[in-house]
Number of protein chains: 2
Amino acid sequence: MVKNTRRTQRGEASLSRERIVEAAIALLDEHGESGLTFRALSEELATGAGAIYWHVANKGELLSAACDAMVARAMDAAVTAAPPRETVRILGLGLFDAIDAHPWVGAELARSPMKMPMVRILEAIGRQMRTFGVAEQELWLAASSLLNFILGVAGQNAANSEYARAQGLVRASFFDAVSSAWSALDEDAFPFVRSMIVPMREHDDRADFLAGIDLILDGIAAR
Amino acid sequence: MVKNTRRTQRGEASLSRERIVEAAIALLDEHGESGLTFRALSEELATGAGAIYWHVANKGELLSAACDAMVARAMDAAVTAAPPRETVRILGLGLFDAIDAHPWVGAELARSPMKMPMVRILEAIGRQMRTFGVAEQELWLAASSLLNFILGVAGQNAANSEYARAQGLVRASFFDAVSSAWSALDEDAFPFVRSMIVPMREHDDRADFLAGIDLILDGIAAR
DNA sequence: ACCTGAACACCGTTCAAGT
DNA sequence: ACCTGAACACCGTTCAAGT
């Protein structure tokens with residue numbers, strides 16, 4: 001490991017997959033999804049684009065790795081000895097908060113096929129379903145339903161945040177904008193949505209997310 | 001309406017938002033999300049990029065309009081006089097099949113904030129929840145939970161299809177690939193996921209989707 | 001009012017060349 | 001083995017100019 005002694009001594013770690021992913025996370029957090037470009041990354045890391053490609057296959061892999069790092073962190077933080085129902089809530093909330101703080105994680109999760117970041121979530125949820133007492137032949141359904149719900153919420157939250165960012169709005173005024181859009185809908189064509197304007201405005205994403213998980217757990221328990 | 005008589009007589013309708021959206025849908029269906037570019041669209045429509053921009057604000061609006069057209073079609077096709085539980089299943093399946101046939105719809109849906117395509121789905125589901133007998137103060141939760149689950153499934157299905165397309169795989173061999181990836185996971189770190197290899201391979205997306213909806217409806221009914 | 005198409009300011013990715 | 005940075009082949013979007 002003599003190769004980069006000089007750089008290390010100067011306080012600049014040599015280029016590595018880890019450092020690249022770290023820098024990518026910083027860019028994504030600061031400027032949103034559109035903030036991650038190989039040019040910005042090169043500048044941040046003081047190298048050329050080609051150097052990054054030596055450590056990472058392409059942008060997709062980079063995004064996926066960044067997402068995975070965040071999800072792994074959230075899953076690890078949610079390790080408890082609580083009963084399964086409570087643990088699933090903690091897991092879910094951990095993910096919810098991570099996505100709330102880093103919307104791009106939700107967007108990437110909603111895109112990623114059955115690869116690593118999702119496998120982690122499936123593992124964490126599935127274990128709880130098993131201790132929850134779900135029958136063996138229903139485990140896949142229980143775990144994947146919960147997962148799909150969580151991914152749906154994740155995607156929506158991320159979309160809302162990105163949209164709000166693009167419009168330069170804060171969270172509260174985003175829902176103001178939605179509510180005025182819904183007010184303009186035709187009463188005959190959209191009676192239900194119009195009747196939801198007030199509930200939508202008063203709703204609490206976090207609380208609804210938890211309640212949704214409970215709904216599904218109730219449905220599972222009812223079998 | 002004299003302006004484009006000549007063009008119309010020649011059998012080429014003049015440029016319009018509708019024709020543009022139509023062409024966009026054709027490109028998306030044929031070549032996936034990456035197939036929709038303003039250049040390809042210009043060629044297809046035999047015009048310049050600027051002409052398209054006169055009718056459509058930007059690419060996002062175009063994608064959203066294309067998605068909305070597909071969702072509207074699916075929702076209209078699912079109008080029945082069946083009891084609410086059955087109707088929700090029909091609505092869901094209609095959407096599921098539309099996304100299965102046009103994966104880009106699922107991807108766009110997972111991205112779109114609380115705008116038009118989603119408002120349609122919310123309206124259709126919400127009406128059924130009301131006739132289902134859900135209490136007024138629980139309507140938002142019931143409808144939005146169902147919606148989030150559906151969007152989650154939509155996003156995953158779309159991601160799987162896009163991934164399979166990119167790899168040049170058919171559906172069956174996609175799950176083969178996932179199962180061999182899962183087989184390579186560490187047994188100690190991922191016992192649950194490894195135990196799901198067989199169930200995952202044998203599962204039926206459509207059936208699981210329906211079962212998931214039932215799970216949530218059961219949870220709602222249990223209140 | 002509607003369309004043309006060249007031009008602009010970006011992208012991700014590659015690759016010969018260096019150390 | 002690792003890095004440089006110019007070059008390539010694309011993008012979405014704009015805009016002066018046409019009809």
Side-chain angles (χ1 to χ4, degrees), chain A residues 1-10 12-24 27-28 30-67 104 107-108 111 162-163 166-167, chain B residues 1-10 12-24 27-28 31-67 104 107-108 111 162-163 166:
Chain A
M1 298 295 139
V2 182
K3 51 182 171 139
N4 47 34
T5 308
R6 233 171 323 145
R7 270 211 198 81
T8 311
Q9 280 179 214
R10 273 175 53 226
E12 286 181 20
S14 77
L15 207 52
S16 69
R17 204 183 144 91
E18 270 175 44
R19 268 194 73 216
I20 294 171
V21 170
E22 227 172 81
L27 280 172
L28 287 161
E30 210 165 346
H31 303 109
E33 282 201 74
S34 66
L36 178 61
T37 69
F38 277 80
R39 270 153 248 260
L41 210 48
S42 303
E43 191 152 353
E44 199 78 13
L45 294 166
T47 53
I52 297 171
Y53 274 93
W54 202 92
H55 295 274
V56 163
N58 51 44
K59 193 178 179 176
E61 191 191 296
L62 184 52
L63 246 172
S64 179
C67 178
W104 56 271
E108 172 61 16
R111 263 197 294 273
E162 277 296 333
Y163 182 81
Q167 305 282 321
Chain B
M1 298 295 140
V2 181
K3 51 182 173 141
N4 47 33
T5 308
R6 233 172 324 144
R7 269 211 200 82
T8 311
Q9 282 178 214
R10 272 174 53 226
E12 287 182 20
S14 79
L15 207 52
S16 69
R17 204 183 143 91
E18 270 175 46
R19 268 194 71 218
I20 294 170
V21 170
E22 227 171 84
L27 281 172
L28 287 161
H31 303 109
E33 283 201 74
S34 66
L36 178 61
T37 68
F38 278 80
R39 269 153 247 259
L41 210 48
S42 304
E43 191 152 352
E44 200 78 14
L45 294 165
T47 54
I52 297 171
Y53 274 93
W54 202 91
H55 295 275
V56 164
N58 51 45
K59 192 177 179 178
E61 192 190 295
L62 183 53
L63 246 173
S64 180
C67 177
W104 55 271
E108 172 61 16
R111 265 196 293 273
E162 277 296 332
Y163 183 81

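Just so we're on the same page: letters track the sequence lines, and every chain starts at 1.
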Using whole Å, what does the distance between atom [atom2] of nucleotide [N] and atom [atom1] of [X] come to?
{"X": "A:Leu45", "N": "D:dG5", "atom1": "CG", "atom2": "P", "answer": "14 Å"}
{"X": "A:His31", "N": "C:dC11", "atom1": "NE2", "atom2": "P", "answer": "12 Å"}
{"X": "B:Leu63", "N": "D:dC11", "atom1": "CG", "atom2": "P", "answer": "15 Å"}
{"X": "A:Arg17", "N": "D:dA1", "atom1": "CZ", "atom2": "C1'", "answer": "18 Å"}
{"X": "A:Leu41", "N": "D:dG5", "atom1": "CG", "atom2": "P", "answer": "16 Å"}
{"X": "B:Ile52", "N": "D:dC15", "atom1": "CD1", "atom2": "C1'", "answer": "16 Å"}
{"X": "B:Ile20", "N": "C:dC2", "atom1": "CD1", "atom2": "P", "answer": "12 Å"}
{"X": "A:Leu36", "N": "C:dG12", "atom1": "CG", "atom2": "P", "answer": "7 Å"}

Could you say whether B:Arg39 or A:Phe38 is positioned toward the 5' end of DNA chain C, judged by the nucleotide with the nearest heavy atom to each?
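The residue mapped nearer the 5' terminus is B:Arg39.
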Closest contact, heavy atoms only, A:Leu15 versus A:His55:
O-CE1, 3.5 Å
Closest-nucleotide mapping onto DNA chain D: is B:Gly50 or A:Ser16 further toward the 5' terminus? I mean the 5' end.
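The answer here is A:Ser16.
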Could you check which of [options] has an atom nearest any side-chain atom of [X]?
{"X": "B:Tyr53", "options": "C:dG12, D:dG12, D:dC3", "result": "D:dG12"}
{"X": "A:Lys59", "options": "D:dT13, C:dT13, D:dC3", "result": "C:dT13"}
{"X": "A:Ser14", "options": "D:dT13, C:dT14, D:dC3", "result": "D:dC3"}
{"X": "B:Ala51", "options": "D:dC3, C:dC2, C:dC3", "result": "C:dC3"}
{"X": "A:Leu15", "options": "C:dA1, D:dC3, D:dT4", "result": "D:dC3"}

Taking atom [atom1] as the centre, does [X] end up with more than 12 heavy-atom neighbours from other residues, nucleotides or ligands that are less than 6.0 angstrom away?
{"X": "B:Tyr163", "atom1": "OH", "answer": "no"}
{"X": "B:Glu61", "atom1": "CD", "answer": "yes"}
{"X": "A:Glu43", "atom1": "CD", "answer": "no"}

How many angstroms lie between atom CD1 of B:Ile52 and atom NZ of B:Lys59, to the nearest 0.5 angstrom?
11.5 Å
Roughly how far apart, to the nearest Å, are D:dC2 and C:dA17 at atom C1'?
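Result for the C1' pair: 13 Å, nearest Å.
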Kindly indicate whether the side chain of B:Arg17, heavy atoms from C-beta on, has any atom under 4.5 Å from the side chain of B:Ile20.
no
Side-chain N,O (B:His55) to OP1/OP2 (C:dC3) below 4.0 Å
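True: B:His55 side-chain N/O within range (under 4.0 Å) of C:dC3 OP1/OP2.
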Under a 3.5 Å cutoff on both atom distances, Watson-Crick or G-U, what's the dot-bracket for DNA chain D ([ ] crossing, | other strand)?
||.|||||...|||||.||
Would you call A:Glu22 and A:Arg19 a salt bridge, using N to O less than 4.0 angstrom?
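A salt bridge is absent here (no side-chain N lies under 4.0 Å from a carboxylate O).
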